[in-house]
Amino acid sequence: MSDNLFADLRILVLDTITALYPDLAPDALARIEITPTREAAHGDVATNAALIAAKPLGLKPRAIADALAAALLTRAFVTKAEPAGPGFVNLTLAPAAWQAQILTILHSGEAFGASKLGQGAKVNVEYVSANPTGPLTVGHCRGAVVGDALANLLAKAGYDVTREYYINDAGAQVIALAWSVYWRYLQALGTTMTEAEFATATPTGLQYPGDYLVPLGAQLAAAHGDALSGPGFTVADPALWLDIVRSFAVTAMMDLVRADLAALNVRHDVFTSEAALIAGGGVERAEAALRARGLLYEGILEPPKGKTPEDWEPREQTLFRATDFGDDVDRPVRKSDGSNTYFFNDIANHANKMARGFDQMIDVWGADHGGYVKRMQSAVRALAGNGAAQLDIVLCQIVRVLKDGVPMRMSKRAGTYIELADLIDAVGPDVVRFIMLMRKSDAQMEFDLDAAVAQTRENPVFYVQYAHARCRSVLRAAATTSELGDTSDAGLAAADLASLTAPEELALIRRLAAWPRLIEAAAIAREAHRIGFFLYDLAGDFHALWNAGRTEASLRFIQAEAPGPTRARLALVAATAVVIRSGLAVMGVAPVEEMR
RNA sequence: GGACCCGUAGCUCAGCUGGAUAGAGCGUUGCCCUCCGAAGGCAAAGGUCGCGCGUUCGAAUCGCGCCGGGUCCGCCA
C-alpha cells in the first residue's frame, strides 16, 4: 500500500483485468483509470477498464465489465462491484479501507500527497522576470504566485525543481531607467532645468517619472556630488555617467523587486542576469549552435498583413528559421542595425538552462507575450536537436482589480498603476496568493478587493481558513479533556476508527484520500489552481459534517461519555487539518489556528 | 489579414485531458441556533455548455467553419 489509495486501486484493477485477459496491450492498460464517483449510488469509485479494453479485445464493454466486476468482488476490501452504464465498474470499498486512510495521513503528516511522479527529474521554472525598472505591479503578481505555487506543486510531485528569475537588465528599458534616475540626480543637486527641457535633452525621454526614483537621485548625489553632472547641473556626456547610473539603478530596482517578492512569500533559487549572460558569451554560443544547423540566415521579412506600419520599409535582418518548427514566420534575432533582439538573448537564456542540465523548462509569462510562445518553443526544439528538451509556457491573463465594483485602471505612464505592495497592504499576502490561484491562469480574472476581505463563504480564503481553524478549535478543546487520552496527531493515529461510518464522515474521508491523486493530475497539467478548488470542496465537506452535528447528536465531535468514538472523530478532524495544511503549503499560504 | 486565449445558470467561475442525470458560490424563494463558533448548514427554482457540421459505443471536453470578447503581430522587453 502507498499513500495513494487511487493508485493502489488502479494496480488492483490492472492485476485483475490482465489475469482475465492476458493479451491486453500495455498502451490500453495505460489509459485505465480510477475516478471518484459523483453520486453515492454509483459506489465509491469507478473504473473505465472495460470500456478501454473492449476495442482491442473485440468484445462488448458490458461483457468485460460483468467478468471484471465478478473478479474484483473476490478481492480484499471490495464489498460491491457492479457493472454500470455503458461499461463502467462501480466499486464500493469496505469502510475499513477508507478509515485506514486517516492513519496514513496522520503518519505521513503534511508530506501526505507527495508523489514520485517526477522521479527526481530536473525542472526549471522561470517566473516573474519583470524588467528591473520599478516596483512590481499586480500584473506581475499573478505570474509570481502562479509560478511559485507551480514550483511547489512540482516539487511535491517528485520533481527536482529550480526556481529561476531572469533579470532583463540589458536593453533599452534599462537605459531609459538610467536616464530617468539621472533626472532625479540632477534634481537632487538643484538643477534649474525643467522636466520638459530634460526630456528633450535625452535620447529616451523621461519614461519613468514615478516618485520611487527620487531617493535614488538623492543617494547618487550624496555618493558622487556633482561629479556626474555637467556645468550648472546640466546633462553631462553619458560616457561619463551612464554605466555608473545604470548599474546603480538596476541594483536598487532589484532590491525593490526582491522586497516585493519577499512580502508575497515568493522565492527563487537562481537570479540570472541577461547582461551577465551576454557578457559571458552566451549569445555567441547560441548563435554558433544554430548556425551549425543552418537555422540562421540574412533576409527581409514581409510587413504584417493588414497592419503595415506607416514607417515600414524592407530591411535585411538576421532571421531564425522558426517556420521549420511550426512557427508562422521566421523571427528576427538581430535588428536592422545589427544589434541583437531580445529574442536572441532569450534563446541564449534557454540554451544556458539546457547546458545546466534542464531538459524540462517551464516559463510563466504574461498574456502580452502570447505571440512569443511558438518562437521560443521553436528555438528550444532547434537547440535540442534530437534531444528531449521541452519548454512549456504557462500564460497568465490580465488581472483587473475591482474596488467598490469599479475596475482600477493601470497606467504606468500616469503613475496610477497599482503596485503589488499596495495590494498586499490592503489584504495581506495569503489572501492575494489564494485568490490569484482561484482561477485558471489562462482565463482573465477580476480581483475584487471587497470580496477578498469578506468573511463569508463567497471568499474562498476565509472559507478554507475557517475550516482549519475549526479543526484546531476542536482539537484544542479535546486536549483539555483528560479522559480522551493523547490527542496529538501521533496519539490519534492509534485510535480505533471502526465507528466512522456516517455518510458525512465517509464523504470527508473520500475527499482526503483524493489529495495524492489531485497532486499528480495538477502537476501533469501544470495547473496550480486545482489545489485551491480542492481545498474549497474539502472545507465544504468539513463544514457540512460540523453542522450535521447540530441536528444529529451522534455526529458531534467531542462526547465525553464515549471516549472511543470521540477519538476516532478527532483522528478524522486531525487528518482534515493535515490535508488542509498540506494544500495551503503548496499554495504558499499560512494556515490560521483561530479566526480573529 | 494572421497567431494565441476565453465563451458553461441572471452574475462570478469549476468541470479531474472523451464518460453515467453538466456542478459550486453570489443573487432569488423556503427552512435550521437552550447544543463543540449561525463568520455556518439544508432545500427549491434556474442550462439549446456561443452557433453549425464532423470524429465514435459516448463530446462542455477532440477536429473544421462561423459569431462575440481579449492579448498581440520587424526596428520594445
Side-chain angles (χ1 to χ4, degrees), chain A residues 31 33 35-39 41-42 46 48 51 54-55 60-62 84-88 90 129-131 133 168 170-174 176 274 300-309 311-315 317 319 327-329 331-332 334-337 339 341-343 345-346 366-374 395 397-398 438-440 442-446 448 451 454-460 462-463 466-467 469-470 473-474 476-478 514 517-518 520-522 524-525 527 529-530 532-534 536-537 540 543-551 553 556-559 594-595:
Chain A
R31 292 166 50 219
E33 55 182 16
T35 51
T37 55
R38 198 160 35 204
E39 289 182 45
H42 292 153
N48 61 349
L51 289 161
K55 188 164 257 179
K60 286 185 176 157
R62 200 55 197 237
F88 292 100
N90 294 332
S129 301
N131 292 330
T133 55
N168 298 139
Q173 298 296 328
V174 170
E274 181 183 5
I300 299 172
L301 284 175
E302 296 289 314
K305 286 199 175 95
K307 184 185 168 293
T308 305
D311 61 345
W312 194 90
E313 53 184 273
R315 288 176 188 159
Q317 297 175 282
L319 301 174
D327 203 354
D328 310 304
V329 294
R331 302 292 181 176
R334 288 220 169 86
K335 307 171 194 173
S336 52
D337 67 2
S339 63
T341 62
Y342 176 79
F343 180 45
N345 296 345
D346 213 6
D368 54 344
H369 287 58
Y372 196 75
V373 171
K374 278 188 186 172
L395 283 184
Q397 290 288 337
I398 305 291
M438 283 304 282
R439 289 285 176 276
K440 281 183 299 195
D442 52 9
Q444 296 178 44
M445 78 174 293
E446 296 188 341
D448 187 331
Q455 303 215 329
T456 66
R457 181 166 187 170
E458 69 182 306
N459 180 356
F462 164 78
Y463 192 67
Y466 187 31
R470 276 183 156 174
S473 164
V474 169
R476 276 195 301 272
R517 178 178 182 272
L518 184 103
E520 294 192 350
I524 290 168
E527 290 182 347
H529 76 275
R530 292 193 197 185
F533 282 95
F534 173 84
Y536 186 74
D537 290 341
H543 289 306
L545 175 58
W546 175 290
N547 209 260
R550 298 192 159 277
T551 51
R556 291 180 200 167
F557 294 123
I558 299 175
Q559 297 175 39
E594 57 184 333
M595 304 308 287

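Every chain is numbered from 1, with letters handed out A, B, ... down the list of sequences.
Look at CG on D448(A): it is 11 Å from P on C13(B), rounded to the nearest Å. The distance between atom CG of N168(A) and atom P of C76(B), rounded to the nearest whole Å, is 15 Å. Regarding H543(A), its NE2 atom lies at a distance of 16 Å from the P atom of A24(B), rounded to whole Å. Note: OH (Y536(A)) to C1' (C13(B)) measures 11 Å, nearest angstrom. Distance NZ (K55(A)) to P (G58(B)): 10 Å, rounded to an integer number of Å. Between the P atom of C36(B) and the CZ atom of F557(A) lies a distance of 13 Å, rounded to the nearest Å. Across the protein-nucleic acid pair, R315(A) atom CZ and C75(B) atom C1' stand 6 Å apart, rounded to whole Å. Regarding N48(A), its CG atom lies at a distance of 13 Å from the C1' atom of U17(B), rounded to whole Å.
The CG atom of D346(A) sits 7.5 Å away from the CG atom of N168(A) when rounded to the nearest 0.5 Å. Rounding to the nearest 0.5 angstrom, the gap separating the CD1 atom in I398(A) from the CG atom in D368(A) is 6.5 Å. In this structure, N547(A) CG and H543(A) NE2 are separated by 10.0 Å, a value rounded to the nearest 0.5 Å. Taken to the nearest 0.5 Å, the CZ atom of R476(A) stands 5.0 Å off from the CD atom of E594(A). Once rounded to the nearest 0.5 Å, the distance linking CZ of F533(A) with NZ of K440(A) reads 9.0 Å. We find the OG-CZ distance between S473(A) and F557(A) to be 10.5 Å, quoted to the nearest 0.5 Å.
Set against A14(B), C36(B), C76(B), the side chain of A443(A) has A14(B) as its closest nucleotide. Checking G41(B), G7(B), A3(B) against every side-chain atom of Y463(A), the shortest atom distance belongs to G41(B). Of the listed nucleotides (A3(B), A20(B), U17(B)), U17(B) has the atom at the smallest distance from the side chain of A525(A). Of the candidate nucleotides C16(B), A20(B), A14(B), A14(B) has the atom lying nearest to any side-chain atom of R439(A). Considering only the side chain of F88(A), A20(B) comes nearest among C76(B), C35(B), A20(B).
In C33(B) the base sits syn relative to the sugar, since the glycosidic angle is no further than 90° from 0.
Across every strand in view, U71(B) sits in a pair with A3(B) that passes the Watson-Crick or G-U test at under 3.5 angstrom. Using the Watson-Crick or G-U wobble rule with both distances under 3.5 Å, C36(B) pairs with nothing in any strand shown. Figure legend. G63(B) is base-paired to C53(B); pairs are counted as Watson-Crick or G-U wobble with both atom distances under 3.5 Å. For U48(B), there is no paired base (Watson-Crick or G-U wobble, both distances below 3.5 Å). Across all strands shown, nothing is found opposite U17(B) as a Watson-Crick or G-U wobble partner with both distances under 3.5 Å. Searching all strands for a Watson-Crick or G-U wobble partner of G10(B) with both distances below 3.5 Å returns C26(B).
Residue contacts shown for T35(A) are absent, as no nucleic acid heavy atom lies under 4.0 Å away. Among the atoms of the strands shown, base atoms are found under 4.0 Å from some heavy atom of P86(A). Using a 4.0 Å heavy-atom distance criterion, Q559(A) is classed as making no nucleic acid contact. As judged by a 4.0 angstrom heavy-atom cut-off over every strand, F533(A) is placed among residues touching the sugar-phosphate backbone only. Across all strands, L51(A) comes closer than 4.0 Å to base atoms (heavy-atom distances). In this structure, A478(A) reaches neither bases nor backbone, as no heavy-atom distance under 4.0 Å exists between it and the strands shown. The residue F462(A) sits close to a base: some heavy atom pair falls under 4.0 Å. In this structure, E302(A) reaches neither bases nor backbone, as no heavy-atom distance under 4.0 Å exists between it and the strands shown.
One P atom belongs to G23(B), the other to G27(B), and the distance between them is 22 Å to the nearest Å. Of the C1' atoms belonging to U21(B) and G25(B), the separation is 22 Å, rounded to the nearest Å. When the C1' atom is compared between C51(B) and G68(B), the two are found 11 Å apart, to the nearest whole Å. The C1' atoms of G10(B) and C53(B) are separated by 31 Å, rounded to the nearest whole Å. To the nearest whole angstrom, the two C1' atoms, one in A22(B) and one in G18(B), are 14 Å apart. The separation of U29(B) from G46(B), taken at their P atoms, amounts to 16 Å, rounded to a whole angstrom. Taking atom P on both G52(B) and U71(B), the two are 29 Å apart, rounded to the nearest angstrom. Between the P atoms of C26(B) and A44(B), the separation comes to 15 Å (whole Å).
Side chain R470(A) to base C36(B): no donor-acceptor pair is found below 3.5 Å. The base of C16(B) is not paired with the side chain of R530(A) by any donor and acceptor separated by under 3.5 Å. The base of A14(B) does not come close enough to the side chain of D537(A) for any donor and acceptor atom to sit less than 3.5 Å apart.
For E33(A), the side chain to side chain donor-acceptor pair (under 3.5 Å) test picks out no residue, with sequence neighbours left out.
Under 4.0 angstrom from either OP1 or OP2 of C6(B) there lies no side-chain N or O belonging to K440(A). Put simply, K335(A) has a side-chain N or O that comes within less than 4.0 Å of OP1 or OP2 on A77(B).
Taking the six-membered ring wherever Trp is involved, the centroid distance between the rings of F88(A) and H42(A) does not fall below 6.0 Å.
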Where along nucleotides 65-72 of chain B does protein come under 4.0 Å, by heavy atom, of base (B) or sugar-phosphate alone (S), with - for untouched nucleotides? -----SSS

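The ring of Y466(A) does not lie on top of the base of G40(B); it is either too far (5.5 Å or more) or too tilted (30° or more). In this structure, H42(A) packs face-to-face on the six-membered ring of A20(B), meeting both the 5.5 Å centre cutoff and the 30° plane limit.
A residue-by-residue look at A84(A) and R556(A) shows that A84(A) has its nearest nucleotide of RNA chain B further toward the 5' end. Between I524(A) and E594(A), the residue whose closest nucleotide on RNA chain B is further toward the 5' end is I524(A).
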